[in-house]
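Since the structure comes first, as structure tokens, the remarks are kept for the end.
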Amino acid sequence: MKIGVLASQGAFIEHIAKLRELGVEAVPVRLPEELEGLDGLIIPGGESTSIGRLMRDYRLTQAIRDKVKDGMPVFGTCAGMILMARKSSDANFESLGLMDITVRRNAFGRQRESFETELDVSVLDEKPFPGVFIRAPLIEKVNGTVEVLARLADGTIVAVRDGKMLALAFHPELTDDPRFHQYFLDMVSGRE
Ligand code: GLN
């Protein structure tokens, strides 16, 4: 199995390391031709405006949309989730518009700019997942076939799946818990 990690900007090295720990081939993607032959793609956290602009400049935006339309599974974390969303409350860049969710960027304000909290995740085992939130977005609305996988204690939606697409408001690649990466690999292989 070969998984690409969009490497325009942001926390792509950590995702590559996690995938390699799980024994799969992981490659950075900076150009459209590097999407060829991938079984799945991760879009990391970082700065969604920068990633969005770099994707556009390197002609990746449409290339990724086309691959996803052809069935390539995709996993976005934090800024990656913002880029996957069809709507964002503050989008001054072109998003991929892949998932029918509305997100709000930098949603937790100055007081809670970054925080860690345990999350109960419907598709993982009993053990709570360490949610690492860094200037995180939240999911305001989910539409259609989008399934909610986790919420904060106050009900805020922070993890969703739609078919072969997975999106999280937090950073599993910055923890030592591999379960969300494994879950994505199981989605790719059709086990989930
Ligand atoms: N605040 C960033 C944005 O709006 C996302 C932060 C992150 O990916 N950790 O793009």
Side-chain angles (χ1 to χ4, degrees), residues 5-18 41-56 61 74-162 165-184:
V5 181
L6 185 70
S8 308
Q9 190 262 346
F12 55 90
I13 290 168
E14 292 83 352
H15 276 293
I16 290 175
K18 266 268 170 303
L41 177 72
I42 294 183
I43 307 178
E47 203 45 57
S48 50
T49 40
S50 310
I51 301 175
R53 288 192 187 125
L54 287 161
M55 280 194 323
R56 180 200 59 198
T61 313
V74 57
F75 176 17
T77 57
C78 204
M81 178 185 88
I82 296 169
L83 288 156
M84 284 171 70
R86 207 160 281 172
K87 272 199 199 140
S88 162
S89 50
D90 157 34
N92 49 1
F93 55 89
E94 191 183 347
S95 97
L96 292 161
L98 299 173
M99 216 185 213
D100 201 359
I101 55 175
T102 305
V103 299
R104 177 146 38 102
R105 295 181 60 202
N106 302 319
F108 296 94
R110 284 243 146 157
Q111 297 299 320
R112 294 180 79 199
E113 198 153 85
S114 50
F115 60 96
E116 192 170 335
T117 188
E118 298 204 320
L119 298 168
D120 285 323
V121 183
S122 60
V123 291
L124 301 181
D125 55 21
E126 302 284 270
K127 202 173 125 214
F129 193 88
V132 175
F133 292 79
I134 303 169
R135 292 182 299 109
L138 63 75
I139 301 163
E140 283 182 333
K141 224 176 138 197
V142 302
N143 298 307
T145 50
V146 179
E147 187 190 342
V148 175
L149 306 186
R151 298 176 186 263
L152 297 179
D154 67 1
T156 304
I157 303 169
V158 292
V160 287
R161 174 179 175 176
D162 187 11
M165 294 186 282
L166 177 66
L168 312 179
F170 47 94
H171 287 270
E173 79 287 5
L174 301 182
T175 72
D176 53 21
D177 194 323
R179 285 179 294 161
F180 260 114
H181 288 80
Q182 187 59 56
Y183 180 71
F184 178 62

Distance, nearest 0.5 Å, that separates CG of Leu168 from OH of Tyr183 = 10.0 Å
Quick one: closest heavy-atom pair of Phe184 and Leu41, and the distance?
-> CZ-O, 3.8 Å
Rounded to the nearest 0.5 Å, what's the gap from CE on Met99 to CG on Asn143? Could you check?
-> 11.5 Å
For the atom pair CD1 (Ile43) and CG (Leu166), what is the distance rounded to the nearest 0.5 Å?
-> 11.5 Å
Please round to the nearest 0.5 Å and tell me the distance separating atom CZ of Phe133 and atom CZ of Arg112.
-> 8.5 Å
Under a 4.5 Å cut-off applied to non-hydrogen side-chain atoms, are Phe108 and Leu152 in contact?
-> yes
Atom of Ala79, atom of Ser48 and distance for their closest heavy-atom approach = CB-N, 3.7 Å
Taking 4.0 angstrom as the limit, do Arg105 and Glu47 come out as a salt bridge?
-> yes
Check whether any side-chain heavy atom of Ile42 lies under 4.5 Å from a side-chain heavy atom of His181, and answer yes or no.
-> yes
So which heavy atom on Phe129 is nearest to which on Arg179, and how close?
-> CA-NH2, 3.7 Å
Is the number of heavy atoms from other residues, nucleotides or ligands within 6.0 Å of CG (Asp125) greater than 12?
-> yes
Any side-chain heavy atom of Thr175 sitting closer than 4.5 Å to one from Phe170?
-> no
Lys87 meets the side chain to side chain contact (heavy atoms under 4.5 Å, CB included) criterion, sequence neighbours left out, with Thr102
Rounded distance [0.5 Å steps], CZ in Phe75 versus CZ in Arg161 | 11.5 Å
Correct closest heavy-atom pair for Ile82 and Ser88 would be CG2-OG, 4.4 Å
Pairing residues for Gln9 by the side-chain hydrogen bond (donor to acceptor under 3.5 Å, both in side chains) criterion, not counting sequence neighbours = none
Could you tell me whether Arg104 and Glu140 make a salt bridge, using a distance below 4.0 angstrom between a side-chain N and a carboxylate O?
-> yes
Asp162 side chain near Ile101 side chain, heavy-atom distance below 4.5 Å | no
Closest approach of Ile157 to Val142 (non-hydrogen atoms, all atoms of both residues) | CD1-CG1, 4.2 Å
Taking all atoms of both residues into account, what is the closest heavy-atom pair of Cys78 and Ala169, and its distance?
-> SG-O, 3.6 Å
Atom pair CE (Met81) and CD1 (Ile139), whose distance is rounded to the nearest 0.5 Å = 4.0 Å
Main-chain N/O of Arg56 paired with Thr61 side-chain donor or acceptor, under 3.5 Å = yes
Residue that, paired with Thr77, satisfies side-chain hydrogen bond (donor to acceptor under 3.5 Å, both in side chains) out of Glu14, His15, His171 | His15
